[in-house]
Amino acid sequence: MSQENSEISAKFSTLNVNAMEFVPSFCQQERTSSTIPTEIIEEPRPENNAPPPPTDNDPLDSWDVDDEPVLTPEDEDADDGEDGDGDNDVTPKVSKKKLQKVEERGSKKEHVNVVFIGHVDAGKSTIGGQIMSLTGMVDKRTLEKYEREAREKSRESWYLSWALDTNQEERDKGKTVEVGRAYFETDKKHFTILDAPGHKSFVPNMIGGAAQADVAVLVISARKGEFETGFDRGGQTREHAMLAKTAGVKHLIVLVNKMDDPTVNWDENRYNECRDKILPYLKKLGFNPAKDLTFMPCSGLTGQGIREPITPGTCPWYSGQAFIPFIDELPSLNRKTDGPFIMPIVDKYKDMGTVVMGKVESGCAKKGQNLLVMPNRTQVSVDQLWSDDDEVTAVGPGENVKIKLKGIEEEDVSPGFVLCDASNPIKIGKIFDAQVVILEHKSIICAGYSAVMHIHCAAEEITVKALICLVDKKTGEKSRSRPRFVKQDQVAIMRIECSGMICLEQFKLFPQMGRFTLRDENKTIAIGKVLKVVE
């Protein structure tokens, strides 16, 4: 036996990089007997060539040592199998999760967050529900139940959106209020759907959703009259596209929805009309049609053009890809894996502890790790981690996660706080200099003007302390004299003071934490980026 063992271990010695993670799984020997023996043999090698431990009393060992080394899981994560002294100390309890993690880590797909934005009733939730039903994330029975309930309320076309609009108020009115979340997988990627509200009263919620997204899907309705109201002044189509650009979305897909409507009937002219009206505006925002802007027709209610390409019989003039294959083939996004861990908190709730939700912007976090909640500088430790409802032991950038924290009460956390690395915390400040573009504001903006600033997931009241200089849009030159005021379409550098401490970072160092929008009276007035944090 030992001869066989040594042969196997010799074979595996080159591969065995993360052996540490496999150790605790003696308990489940039956289940994965093929892989584990090699690991068991391989593990003790760093320990002065100790003989392989006898497997039958190993669980006993690990229970005995259970009490003293509280820190082992985290030590072990920290040095990830460089030395093998942690191997008997890890309790079998951890072992199950470790094992599960190891299996899961292997098929880890790239995470992409997709936000659906657009005017009220353009069909965002319905498309989201349709995607979930086509990818098998909602089973048939649930959908039939929704359809039955929707028909009772004589709202049968709404049943798909109920997959994302879960609470009663949203269903009764047919309007999304909070950002709905769901996920689906393709062969290559793992997608999180963020279904943003279209109504203008809920734009702050939508900003929080867009802040977590990598790809935005702007849904516009081709139905006569609906496209026009959404796109004209006061409609949400423009504002949402602009906010998505400000939130740092890399790619925008414009879905022209409701092509099956009787007033449209897959008419090419109508599709082109919608496209040509909105294209100049999107170009002005800075989307490049060649690289990061795509148009496609679809029908959310019937599901045409979402997963399968539209049949030539229905729509002879469009031969492009359907929506899901298209987003599946987008080039992968560059993530900051090596930086310090940063996760802006979007939402929190109580569940046997404090659970916070958000998207990891950079770095990785592991179970048992110590982190800080800024700006309060509260030390917390990670108790449990979920990535899209699956429990995991480590999370990386781009994932939409829930983290259960120890050491902080739920009421001490509010959305906009940032969970970050204890050794390298994020900057906090109250006064900062920023470059601001005034988008629409009827009167002038002087020192002393106040508005609400949305930065990553935080919303904070701010006042303009001083205007420092104007920036010429074309040349980028700064004015010599201090301006007395700024008006619409001007770019200025101004000093801004917040009502409280917030987490922020210079735009050039970390764009996600350095870009913001200013809103006042339910309108987005300006967008800007943080140049430097003063105090």
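This structure is a prediction, so every number in the text was calculated from the model and none was measured. One is the number of the first residue; the rest follow in order along the sequence.
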Without placing hydrogens or testing angles, list every side-chain donor-acceptor pair under 3.5 Å for residues 316-326, not counting sequence neighbours.
unit_1 : atom_1 : unit_2 : atom_2 : d
W317   : NE1    : W266   : O      : 3.0
Y318   : OH     : Q321   : O      : 3.3
Q321   : NE2    : E329   : OE1    : 3.1

Report, one line per pair, each donor and acceptor closer than 3.5 Å where one atom sits in a side chain of residues 126-136; sequence neighbours left out.
unit_1 : atom_1 : unit_2 : atom_2 : d
S133   : OG     : Q130   : O      : 3.3
T135   : OG1    : I131   : O      : 2.8
T135   : OG1    : M132   : O      : 3.4

Output a table of donor-acceptor pairs, distance under 3.5 Å, between side-chain atoms of residues 145-152 and any protein atom two or more places apart or on a different chain; print 'none' if there are none.
none

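Every side-chain contact (heavy atoms from CB on, under 4.5 Å) that C503 has, sequence neighbours left out, goes to M374, P375, V418, I426, I428, H456. Applying the ring pair (Phe, Tyr, Trp, His ring centres under 6.0 Å) test to Y159 and every residue at least two apart in sequence or in another chain returns nothing. Applying the side-chain contact (heavy atoms from CB on, under 4.5 Å) rule to N265 yields no partners; only residues at least two apart in sequence or on another chain are considered. Annotation: side-chain contact (heavy atoms from CB on, under 4.5 Å) contacts of E308 (sequence neighbours excluded): none. Partners of K402 by side-chain contact (heavy atoms from CB on, under 4.5 Å), not counting sequence neighbours, listed by chain and number: Y349, V355, M357, W386, D389. Under the ring pair (Phe, Tyr, Trp, His ring centres under 6.0 Å) criterion, H441 pairs with Y449, not counting sequence neighbours. Partners of S381 according to the side chain to side chain donor-acceptor pair (under 3.5 Å) rule, which considers only residues two or more places apart in sequence or in another chain, do not exist here.
The pair R519-E239 counts as a salt bridge, with a side-chain nitrogen and a carboxylate oxygen less than 4.0 angstrom apart. Comment: K189 does not engage D328 in a salt bridge, judged by the lack of any side-chain N to carboxylate O separation of less than 4.0 angstrom. Between E185 and K109 there is a salt bridge, since at least one side-chain N of the basic residue sits less than 4.0 Å from a carboxylate O of the acidic one. Note on K175 versus D165: no salt bridge recorded, every NZ/NE/NH1/NH2 to OD/OE distance being 4.0 Å or above. Salt bridge R270/E228: present, at least one basic N to carboxylate O contact under 4.0 Å. A salt bridge is defined here as a Lys NZ or Arg NE, NH1 or NH2 lying under 4.0 Å from an Asp or Glu carboxylate O, and E144 with R141 fails to meet this definition.
Using a 4.5 Å heavy-atom cutoff, the side chains of P197 and V179 are in contact. You'll find the side chain of I193 stays beyond 4.5 Å of the side chain of R181, heavy atoms only. Looking at heavy atoms from C-beta onward, Q512 lies in side-chain contact with F510 at the 4.5 angstrom threshold. Side-chain contact between V413 and V356: present, with at least one pair of heavy atoms (C-beta onward) separated by less than 4.5 Å. I220 is listed as a side-chain neighbour of I278, based on a closest heavy-atom distance under 4.5 Å. T192 places none of its side-chain heavy atoms less than 4.5 Å from the side chain of V112. Between T229 and D232 the shortest side-chain heavy-atom distance does not fall below 4.5 Å. Between V219 and V254, every side-chain heavy-atom pair lies at or beyond the 4.5 Å cut-off.
Atom CG in L301 sits 10.0 Å away from atom CD1 in I306 (nearest 0.5 Å). In this structure, the separation between CD1 on I310 and CE on M296 is 9.0 Å, given to the nearest 0.5 Å. Rounding to the nearest 0.5 Å gives a distance of 7.5 Å between CD of E170 and OG of S125. Atom CG in L518 sits 14.0 Å away from atom NZ in K523 (nearest 0.5 Å). Atom CE in M352 sits 13.0 Å away from atom NZ in K350 (nearest 0.5 Å). One finds the CZ atom of F417 at 11.5 Å from the CD1 atom of I502 (value rounded to the nearest 0.5 Å).
Side-chain N/O atoms of T517 and T524 include no donor and acceptor closer than 3.5 Å. When only modelled atom types and interatomic distance are considered, N269 and E273 share no side-chain donor-acceptor pair under 3.5 Å. A side-chain donor from one of E399 and S387 sits under 3.5 Å from a side-chain acceptor of the other. Side-chain contact, Q212 with K359: no donor N or O sits under 3.5 Å from an acceptor N or O.
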Working for side chain to side chain contact (heavy atoms under 4.5 Å, CB included), residues E169 and V177
CA-CA 9 Å; E169 179 199 1; V177 176; 4.3 Å; yes
Chi angles and distances behind the side chain to side chain contact (heavy atoms under 4.5 Å, CB included) call for I403, Q384
CA-CA 6 Å; I403 302 182; Q384 271 174 301; over 6 Å; no
Candidate pair S450 and E461, rule side chain to side chain donor-acceptor pair (under 3.5 Å), full reasoning
CA-CA 7 Å; S450 59; E461 280 197 25; 5.9 Å; no
Could you go through N370 and Q379, starting from their C-alpha distance and side-chain angles, then the distance that decides it, and tell me whether this counts as side chain to side chain contact (heavy atoms under 4.5 Å, CB included)?
CA-CA 7 Å; N370 287 329; Q379 291 210 337; 5.9 Å; no
Decide salt bridge (charged side-chain N to carboxylate O under 4.0 Å, His left out) for D383 and K406; before the verdict, give the C-alpha distance in whole Å, the side-chain angles of both, and the deciding distance to 0.1 Å.
CA-CA 6 Å; D383 197 15; K406 274 184 187 156; 3.7 Å; yes
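Under a cut-off of 6.0 angstrom, the local environment of NZ in K188 is crowded, with over 12 non-hydrogen atoms contributed by other residues, nucleotides or ligands. Counting non-hydrogen atoms of other residues, nucleotides and ligands closer than 6.0 Å to CD of E521 gives a total of 12 or fewer.
A side-chain donor-acceptor contact under 3.5 Å links T237 to the backbone of G230. When atom types are taken as modelled, the side chain of E361 and the backbone of M343 share no donor-acceptor pair closer than 3.5 angstrom. Looking at S362, its side chain does come within 3.5 Å of a backbone N or O of P340 through a donor-acceptor pair. In terms of modelled atom types and a separation under 3.5 Å, the side chain of R171 and the main chain of W162 share a donor-acceptor contact. Of the possible donor and acceptor atoms, one in the side chain of T354 sits under 3.5 Å from a partner among the backbone N and O of I408.
Sorted by first and then second residue, the pairs that involve residues 248-261 and meet salt bridge (Lys or Arg N to Asp or Glu O under 4.0 Å), not counting sequence neighbours, are R223-D261, E226-K258. Identified under the side chain to side chain donor-acceptor pair (under 3.5 Å) test for residues 200-211, with sequence neighbours left out: H199-S201.
Within the cation-pi definition used here (under 6.0 Å to the ring centroid, within 45° of the axis), K529 does not qualify as a partner of F516.
G358 approaches V346 most closely through the heavy-atom pair CA-CG2, 3.7 Å.
Under the side-chain hydrogen bond (donor to acceptor under 3.5 Å, both in side chains) rule, H190 has a single partner from D388, D390, N113, which is D388.
Ring geometry for Y281 against F231 counts as perpendicular: the plane angle is over 60°, on a 0 to 90° scale with 30° as the lower cut.
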